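Atoms considered below: every heavy atom in the structure, side chains included; atoms not considered: hydrogens, waters and symmetry mates. When a ligand or atom number is given, it counts from 1 through the structure's own listing order. Since the structure is predicted, the reported quantities are computational estimates derived from the model, not experimental observations.
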Amino acid sequence: MKPDLEVAAADVNRAPARPDFADRRGGKVLVKSYGCQMNVYDAARMADVLAPEGFAETSELDEADLVILNTCHIREKASEKVFSELGKLRQIKNARRAEGKEFRIAVAGCVAQAEGAEILRKQRAVDIVVGPQSYHRLPELVRLAADGPVIDTEFPTEDKFDHLGTPSDDRIRRRGVSAFLTVQEGCDKFCSFCVVPYTRGAEMSRDAAKIISETETLARAGVREITLLGQNVNAYHGRGESGGEWSLARLIERLARVEGLARLRYTTSHPNDMTDDLIRVHGDQPELMPFLHLPVQSGSDRILAAMNRKHGADDYLRLVEKIRTARPDIALSSDFIVGFPGETSEDFEATLALIRAVGFASTFYFKYSPRPGTPGAEIQNQVPEEVKAERLARLGELVEAQRRAFNLALVGRTVEVLFEKRGRKPGQIAGKSPYLQMVQVDGPDHLVGKVAAVEIVECGSNSLFGRLMSEIEPGSGAGEAC
Ligand code: 5AD
Ligand code: SF4
């Protein structure tokens with residue numbers, strides 16, 4: 001299918017195209033990702049789609065012929081980062097040109113979607129602007145960019161996943177034993193602070209058959225853990241393997257049977273889509289790790305209503321109770337926003353009270369950042385920056401104390417660790433506990449890719465340290481956490 005491309009406006013002042021680059025096949029591509037895990041997945045798939053064009057992946061800027069910035073628009077700071085990075089890339093481009101060499105710059109991801117042609121006006125060195133739904137068209141965009149800047153921020157009718165191809169076993173292996181897999185994209189929830197429904201579009205779920213096949217490919221190449229991704233992953237409602245509609249619970253049950261796969265996770269979820277069947281699967285399915293990221297954002301009913309979250313603080317607490325009844329050892333994490341417009345100190349205290357009531361294993365917390373085009377940005381009653389900063393610091397102290405307490409409580413216990421790589425020191429290997437903590441042990445390299453029982457002996461600031469107890473049969477599934 002011919003892409004619907006918009007060639008950049010004539011006021012974009014670009015250097016003359018260099019036909020030598022257009023004719024030459026490939027080169028080296030560096031994809032730099034910002035923001036969420038879906039961007040990490042997308043970055044890998046961008047490299048996959050460019051591989052048949054002769055582009056080899058590199059992590060070295062010095063050797064890259066094409067740099068793709070896979071951007072994040074969720075908060076102002078994340079967006080600003082892109083333009084400072086582009087300034088640096090422009091200098092490299094000028095230096096390369098002076099040596100008679102070509103260097104192309106692409107902006108992908110959510111900033112590309114939100115700002116489109118504006119990016120070319122702000123930074124003229126950019127050659128390609130491509131949105132999150134169009135990156136399967138990168139090969140053609142790279143070719144067209146030889147004649148001038150191109151933009152593709154369409155929401156195309158074709159499914160990008162059908163055009164991404166299958167990465168080789170070798171490429172999969174190089175990316176490690178834990179992989180991301182997008183099963184759902186977009187969001188229909190329209191929380192009043194959030195740009196995602198605008199940048200990623202309406203909710204869509206991939207067909208189960210395609211997800212199963214991608215999972216089998218990954219597992220055959222040695223992947224042992226898959227994190228199913230979606231902006232609203234627990235709202236998954238894709239076409240089932242032989243028709244009908246599957247929920248995320250059904251999909252997890254099916255994927256747990258894929259040979260070689262030891263662990264499954266999913267992220268990110270909305271409390272209102274935490275259905276009973278999904279909660280049940282947390283109790284029934286040992287491959288589903290006992291860790292759940294379930295953002296609540298605030299503990300104040302008034303603020304939750306203003307955020308358009310469509311649930312109250314008590315609903316969340318009841319839900320947590322239900323989940324813990326199904327899987328008592330489950331660890332929870334959440335996102336919080338402080339300083340949403342109109343947030344009073346009582347509202348903020350209610351957030352701290354919710355945090356104390358739940359007890360999170362880990363937490364992400366942000367100052368509210370007004371995003372253009374979202375309803376929150378229009379609210380008059382914005383909270384002053386210094387108040388946001390003070391609340392962020394207080395919330396941070398509380399959740400960091402909870403994180404430390406959670407980690408310390410594991411000392412003396414035995415947990416199953418999936419080893420992912422060599423450790424920090426020679427002779428060490430590192431992997432993840434069921435609760436997503438990094439664990440370092442003295443052990444042989446051949447355990448990378450295997451699940452083993454580890455006794456936790458020490459708790460550092462970012463990692464746990466453990467003693468290898470016994471290797472668990474590879475491919476037997478992670479079993480229950482000890
Ligand atoms: N300001 C601050 N934080 C935000 N998030 C989303 N939008 C904003 C915003 N405008 C946070 C939410 C979300 C996480 C991915 O980012 O907590 O869950
Ligand atoms: Fe954004 Fe998540 Fe709300 Fe959707 S559910 S609008 S992605 S915060």
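- The single protein non-hydrogen atom nearest to atom 2 (C) of ligand 1 is K367 O, 3.3 Å, given as residue, atom name and distance.
- Ranking the protein heavy atoms by distance from atom 11 (C) of ligand 1 puts R75 NH1, 3.2 Å first.
- The protein heavy atom nearest to atom 9 (C) of ligand 1 is S369 O, 3.6 Å.
- Contacts with ligand 1 closer than 4.0 Å are made by side-chain heavy atoms of Q297 only, the backbone lying farther away.
- Looking at Y34 and N39, their side chains never bring a donor and an acceptor atom within 3.5 Å of each other.
- At under 3.5 Å, a nitrogen or oxygen of F193, whether backbone or side chain, sits near a nitrogen or oxygen of ligand 1.
- Looking only at heavy atoms of the protein, atom 15 (C) of ligand 1 is closest to D335 OD2, 3.7 Å.
- Not one N or O on the side chain of D301 forms a donor-acceptor pair closer than 3.5 Å with the backbone of I303.
- Ligand-side atoms of ligand 2 in range of R309: 3 (Fe), 8 (S), range being under 4.0 angstrom from any heavy atom.
- Around atom 4 (Fe) of ligand 2, the protein N, O or S atoms found under 2.8 Å comprise C187 SG.
- Taking every non-hydrogen atom of R371 and a distance limit under 4.0 Å, the qualifying atoms of ligand 1 come out as 10 (N).
- Close approach of ligand 2 to F193 is summarised as follows: ligand atoms under 4.0 Å from at least one heavy atom of the residue are 8 (S).
- Remark: the backbone N or O of E154 is paired with a side-chain donor or acceptor of S134 at under 3.5 angstrom.
- The pair E346-R302 does not count as a salt bridge, with every side-chain nitrogen at least 4.0 angstrom from each carboxylate oxygen.
- Between the side chain of D207 and the main chain of A209, no donor-acceptor pair closer than 3.5 Å is present.
- Under a 4.0 Å N-O distance rule, the pair E420/K432 qualifies as a salt bridge.
- In summary, the side chains of R371 and S79 do present a donor paired with an acceptor at a separation below 3.5 Å, with no hydrogens or angles considered.
- Both tests hold for K122 against F83: distance to the six-membered ring centre under 6.0 Å, angle to the ring axis within 45°.
- Among protein heavy atoms, atom 6 (C) of ligand 1 sits closest to I74 CG1, 3.4 Å.
- Not a single heavy atom of R200 sits closer than 4.0 Å to an atom of ligand 2.
- Judged by distance alone, the side chain of S433 and the main-chain N or O of V417 form no donor-acceptor pair under 3.5 Å.
- R45 is not listed as a side-chain neighbour of K160, based on a closest heavy-atom distance of 4.5 Å or more.
- Figure legend: R403 and F360 shown without cation-pi pairing, the cationic atom not lying both under 6.0 angstrom from the six-membered ring centre and within 45 degrees of its axis.
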